[in-house]
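Quick note on labels: first sequence line is chain A, next is B, and so on, each numbered from 1.
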Amino acid sequence: MVEAKAAWKAIVARALAAYIAEKGAPVEAPAASAVVLERPPKPELGDFGFPMFPYAKLLRAAPPAVAAALAALIAKDPEAAGLGEAKAEGPYLNVRLARAPETARILSAVAKPGWGASSGQAGHKVLVEFSSPNTNKPLHLGHLRNNALGESLSRILLAAGAEVRKVNHLNDRGINICKSMLAYLRYGEGKTPADEGLKGDHFVGKYYVLYNKLKAEDPNAEADAQELVRRWEAGDPEIRALQEKMNAWTFEGVKATYARTGVSFDAYDFETETYEQGRAEVLKGLERGVFFKEEDGSVQIDLEDVGLDKKVLLRKDGTSIYITQDIGTAIHRHEGWPYDRVVYVVGNEQVYHFKVLFEVLKRLGFDWANDLHHLSYGMVNLPTGRMKTREGTIVDADDLVDAVAELAAKEIEAKGREESAGAVKDIAGKIALGSLHYFLLHVAPVKDILYDPAESLSFTGDTGPYIQYMGARASSILRKHAAGEGNAVKGRADPALLAGEADWELLKLVAALPECVDQAAAAMEPSVMAGYAHDLAAGFSAWYRDNPVLNCPDPNLAASRLELVKAVKAGLEKAAGLVCIPFLETM
RNA sequence: GAGGCAAUAGCUCAGCGGGAUAGAGCAUCAGAUUGCGGAUCUGAAGGUCGGAGGUUCGAAUCCUCUUUGCCUCACCA
């Protein structure tokens with residue numbers, strides 16, 4: 001379809017040039033790449049539409065007249081013959097592709113291994129940093145959105161031809177961890193997660209919550225926690241050991257959550273190992289005059305000329321702060337894996353931080369600093385307001401996945417599909433992931449999400465399970481055919497038989513996948529891919545209602561339709577995978 | 001106070017490199033199953049695209065102002 005578009009842009013450009021020459025107009029014909037192609041609002045109007053307004057203005061002629069003239073010229077163009085026909089319809093020049101050859105092309109392309117991939121991002125080395133949790137508590141709903149965005153975007157970039165490295169930067173030091181440690185020292189009695197039968201992250205998170213209780217009872221709690229930070233920084237072996245032990249518990253728990261949700265990383269950066277890396281870089285920048293030293297001894301940068309403020313990069317006591325660390329890790333990562341682009345998946349409350357960070361790196365003169373992106377996303381709000389650990393209005397990631405999986409299992413039971421679904425627990429878990437990931441990804445990242453449990457638990461309509469269901473239906477047809485059922489086994493597929501409107505529309509949808517991959521990658525918008533997956537599922541659903549496959553009386557038509565089902569399944573499987581929705585053969 | 005982001009059907013959202021009658025899902029109402037899985041499909045109803053100007057042959061889309069909401073403006077992360 002990409003090829004067809006390019007071919008027709010060239011045809012239209014050629015016709016325009018001929019028309020201009022014919023009229024002797026003193027204007028230049030637009031290049032093929034500059035020709036605007038759009039999709040007509042209704043399929044009856046054709047496959048592509050070319051608005052004539054700009055050329056009408058250029059030629060001082062009425063748009064419909066230009067359209068008519070171009071249509072006549074194209075009718076005589078030998079290169080256009082066989083590709084389709086162009087027709088003037090009002091101010092538009094509409095093109096209807098020759099279906100049989102295009103259908104054959106699409107079906108054979110889809111059947112090739114690796115179809116669905118594209119090349120829009122070829123040659124790029126993209127580092128995607130996401131998740132980046134604190135190690136003092138388990139993952140919550142907000143992390144699920146972050147993880148889904150990061151994982152999905154990484155898959156999309158990879159499909160678009162980029163080389164991708166997924167990195168998780170764990171915040172495993174500082175005051176928050178020390179709060180959990182303090183509470184553990186007071187209440188923990190040396191227990192381990194195993195002693196209480198808790199997942200490590202939930203175990204540590206329990207003490208983080210207990211810290212708030214402690215703080216209410218003991219006015220010295222805050223100071224005591226700070227004291228732990230100091231002892232940790234001073235290298236107190238006892239505190240270091242405790243921190244390592246508790247971090248390991250949390251890390252194991254968090255990794256288990258990644259594993260069950262299909263999220264993975266190529267590297268983990270631990271803040272305990274990276275937090276000092278930036279200081280040397282800042283000092284180097286100071287020497288080169290990129291930064292300046294305040295009278296009080298702090299190192300700063302003045303960004304007021306680009307609409308930002310002055311920013312401290314090293315405290316007056318010479319220690320590093322949050323942004324110093326990000327400067328250092330960016331540089332060190334590039335030394336280890338020379339990327340040309342970074343995407344930081346971090347909530348939108350940090351837009352300012354990343355503006356400053358990117359500007360600092362740019363001023364340090366790194367050539368890779370011009371392609372740094374902050375994929376910022378909105379809050380996940382609850383009907384009751386914001387999520388707050390202290391107020392207990394947090395939605396725990398594991399609990400949520402469990403709840404949705406349980407609901408899915410009930411749904412399978414209610415439909416009496418335990419037999420055909422197979423391992424109910426496994427399938428239910430995958431439905432839960434499909435449901436959650438679609439819920440979190442189908443909305444543009446920029447939007448805040450109002451997390452409505454009832455809606456997120458729903459499996460009907462614009463949801464992940466709907467997409468999974470259509471994939472399962474398509475799979476079911478193919479499975480039965482493979483088992484010898486239906487008329488397709490006796491027929492031969494012929495692309496020319498798929499010439500109906502419904503076939504053609506569905507086929508075009510399937511063929512649009514690679515373009516959609518490029519679009520989603522370029523815009524860094526998994527929601528584009530989620531929308532595509534839904535459209536394809538809905539398109540298939542409408543189509544197969546009216547177009548029997550196995551029961552089609554004509555064996556050749558049955559076989560041809562079967563090819564279309566195969567293509568749809570391939571498209572659904574690919575698209576679903578890109579938005580972290582597990583594909584299901586049965587459910 | 002300054003900066004950033006958002007505002008589209010009752011609700012949740014698409015559409016925003018300007019273009020042909022603004023699209024889905026949920027909810028509502030009316031239908032569809034001796035037929036490949038009804039977690040489905042078909043149809044109806046539902047919109048001054050927050051408001052006001054402007055640019056343009058043409059604006060939900062671009063510009064300005066304005067209203068409302070959220071987020072930032074730490075030598076916290």
Side-chain angles (χ1 to χ4, degrees), chain A residues 36 38 40-42 45 49 51-54 56-57 62-63 89-92 94 132 134 171 173-176 271 294 296-300 307-309 311-326 347-353 355 376 378-379 381 386 408 411-412 414-415 417 420-421 431 435 439 442-444 446-450 452 454-455 458-463 465-470 472-481 485-488 523 527-528 530-531 534-535 538 541-552 558 561-562 565 586-587:
Chain A
V36 175
E38 55 186 49
K42 284 198 294 188
L45 290 169
M52 292 293 110
F53 304 99
K57 197 171 180 185
E89 276 158 309
Y92 292 86
N94 290 333
S132 305
N134 291 341
N171 178 356
R173 61 175 282 277
I175 187 66
N176 287 324
E271 209 180 297
E294 257 304 339
D296 64 6
S298 64
V299 177
Q300 306 195 7
L308 304 169
D309 297 318
K311 177 71 189 176
V312 172
L313 303 176
L314 283 179
R315 293 190 186 98
K316 60 186 168 205
D317 63 5
T319 56
S320 59
I321 58 173
Y322 179 53
I323 192 162
T324 323
Q325 163 184 307
D326 270 352
N348 65 9
E349 69 275 9
Q350 294 199 37
V351 288
Y352 184 79
H353 167 77
K355 274 187 188 168
S376 88
M379 301 256 159
N381 295 310
R386 284 185 71 168
E411 191 76 13
I412 292 169
K415 297 190 182 310
R417 296 203 55 81
S420 36
I431 292 171
S435 170
F439 185 83
H442 87 288
V443 177
V446 69
K447 296 273 168 81
D448 285 350
I449 288 181
L450 207 218
D452 177 356
E455 194 192 328
S458 144
F459 292 155
T460 59
D462 188 11
T463 65
Y466 172 80
I467 293 162
Q468 291 173 311
Y469 178 66
M470 288 310 152
R473 294 295 303 270
S475 302
S476 173
I477 291 171
L478 297 176
R479 200 165 45 240
K480 288 189 170 168
H481 170 261
E485 280 183 50
N487 294 327
S527 63
V528 169
H534 176 264
D535 288 349
S541 184
W543 175 85
Y544 86 93
R545 171 69 42 171
D546 304 323
N547 295 276
V549 181
L550 301 176
N551 300 330
C552 176
R561 285 178 177 167
L562 195 81
V565 175
T586 63
M587 65 188 276

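- As rounded to the nearest Å, B/A14 and B/U21 have P atoms that lie 24 Å from one another.
- The side chain of A/S476 sits closest to B/G37 out of B/A74, B/A20, B/G37.
- Nucleic acid contact for A/L478: none, since no nucleic acid atom lies under 4.0 Å from a heavy atom of the residue.
- Between A/M379 and A/I449 there is no side-chain heavy-atom pair separated by less than 4.5 Å.
- Using Watson-Crick or G-U wobble geometry with both donor-acceptor distances under 3.5 Å, B/G10 finds its partner in B/C26.
- Between A/P465 and A/F53, the residue anchored closer to the 5' end of RNA chain B is A/F53, taking for each the nucleotide with the nearest heavy atom.
- Contact annotation for A/M587: base contact, defined as any heavy-atom pair under 4.0 Å involving a base atom.
- Here A/K480 reaches the OP1 or OP2 of B/G37: one of its side-chain N or O atoms lies under 4.0 Å away.
- Between A/L45 and A/E89 the shortest side-chain heavy-atom distance falls below 4.5 Å.
- As judged by a 4.0 angstrom heavy-atom cut-off over every strand, A/A444 is placed among residues touching the sugar-phosphate backbone only.
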> Is there a side chain to side chain contact (heavy atoms under 4.5 Å, CB included) between A/T586 and A/R479 once you walk through the steps?
Replying inline: CA-CA 10 Å; A/T586 63; A/R479 200 165 45 240; 3.3 Å; yes
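- The 5' end of RNA chain B is approached more closely, in terms of each residue's nearest nucleotide, by A/I449 than by the other of A/I449 and A/V312.
- Remark: B/U72 base-pairs with B/A2; criterion is Watson-Crick or G-U wobble with both hydrogen-bond distances under 3.5 Å.
- Using the Watson-Crick or G-U wobble rule with both distances under 3.5 Å, B/G35 pairs with nothing in any strand shown.
- As the counterpart of B/C57, B/G19 is assigned, both hydrogen-bonding distances of the Watson-Crick or G-U wobble pattern falling under 3.5 Å.
- Taking only distance into account, the side chain of A/D462 never meets the base of B/A14 through a donor-acceptor pair shorter than 3.5 Å.
- Base contact: A/T586 has a heavy atom under 4.0 Å from a base atom.
- The shortest distance between the side-chain N/O atoms of A/Y322 and the OP1/OP2 oxygens of B/A77 is not below 4.0 Å.
- Looking at heavy-atom distances under 4.0 Å, A/D326 makes no contact with the nucleic acid at all.
- Looking at heavy-atom distances under 4.0 Å, A/P40 makes contact with a base.
- Contact annotation: A/K415 side-chain N/O to B/A39 OP1/OP2 distance is under 4.0 Å.
- Between B/A45 and B/U66, the two C1' atoms lie 34 Å apart (nearest whole Å).
- Residue A/I175 is out of contact with every strand shown, counting any heavy-atom pair closer than 4.0 Å.
- Contact between the side-chain N/O atoms of A/R473 and the OP1/OP2 oxygens of B/G38 is found at a separation under 4.0 Å.
- At a threshold of 4.0 angstrom between heavy atoms, the contacts of A/H481 with the nucleic acid are absent.
- Within 4.0 Å (heavy atoms only), A/Y466 reaches sugar-phosphate atoms of the nucleic acid but no base atom.
- Residues A/H353 and A/D326 meet the side-chain proximity criterion, which asks for heavy atoms closer than 4.5 Å.
- A donor-acceptor pair shorter than 3.5 Å can be found between the side chains of A/Q350 and A/Y322.
- Checked against B/U72, B/G35, B/A6, the side chain of A/N551 finds its nearest nucleotide in B/G35.
- Going from atom OG of A/S476 over to atom OH of A/Y469 covers 9.0 Å, rounded to the nearest 0.5 Å.
- Nucleotides B/A52 and B/U68 place their C1' atoms 15 Å apart, quoted to the nearest Å.
- Between A/R561 and A/C552 there is a side-chain heavy-atom pair separated by less than 4.5 Å.
- Across B/C5 and B/A9, the matching C1' atoms stand 24 Å from one another, rounded to whole Å.
- B/G46 and B/G37 have their P atoms separated by 38 Å, with the value rounded to a whole Å.
- The gap from the P atom of B/G25 to that of B/C41 amounts to 8 Å, rounded to the nearest Å.
- Heavy atoms of A/K42 sit under 4.0 angstrom from at least one base atom.
- Rounded to the nearest Å, the gap between the P atom of B/G53 and that of B/A60 is 14 Å.
- Counting only heavy atoms from C-beta on, A/T460 has its side chain closest to B/U40 among B/U40, B/C71, B/G37.
- Note on A/Q350: a base of the nucleic acid sits closer than 4.0 angstrom, heavy atoms only.
- One atom, CG of A/N348, and another, C1' of B/U72, lie 9 Å apart when rounded to the nearest Å.
- For B/C41, the OP1/OP2 oxygens have a side-chain nitrogen or oxygen of A/S541 closer than 4.0 Å.
- Atom P of B/C73 sits at a distance of 49 Å from the matching atom of B/C29, rounded to the whole Å.
- Considering only side-chain N and O atoms, A/K447 lies under 4.0 angstrom from the phosphate OP1 or OP2 of B/A7.
- Counting heavy atoms from C-beta outward, A/Q300 and A/L313 have side chains that stay 4.5 Å or more apart.
- At the heavy-atom level, A/N487 lies nowhere under 4.0 Å from the strands shown.
- In this structure, the NZ atom of A/K355 is 7 Å from the C1' atom of B/G3, given to the nearest Å.
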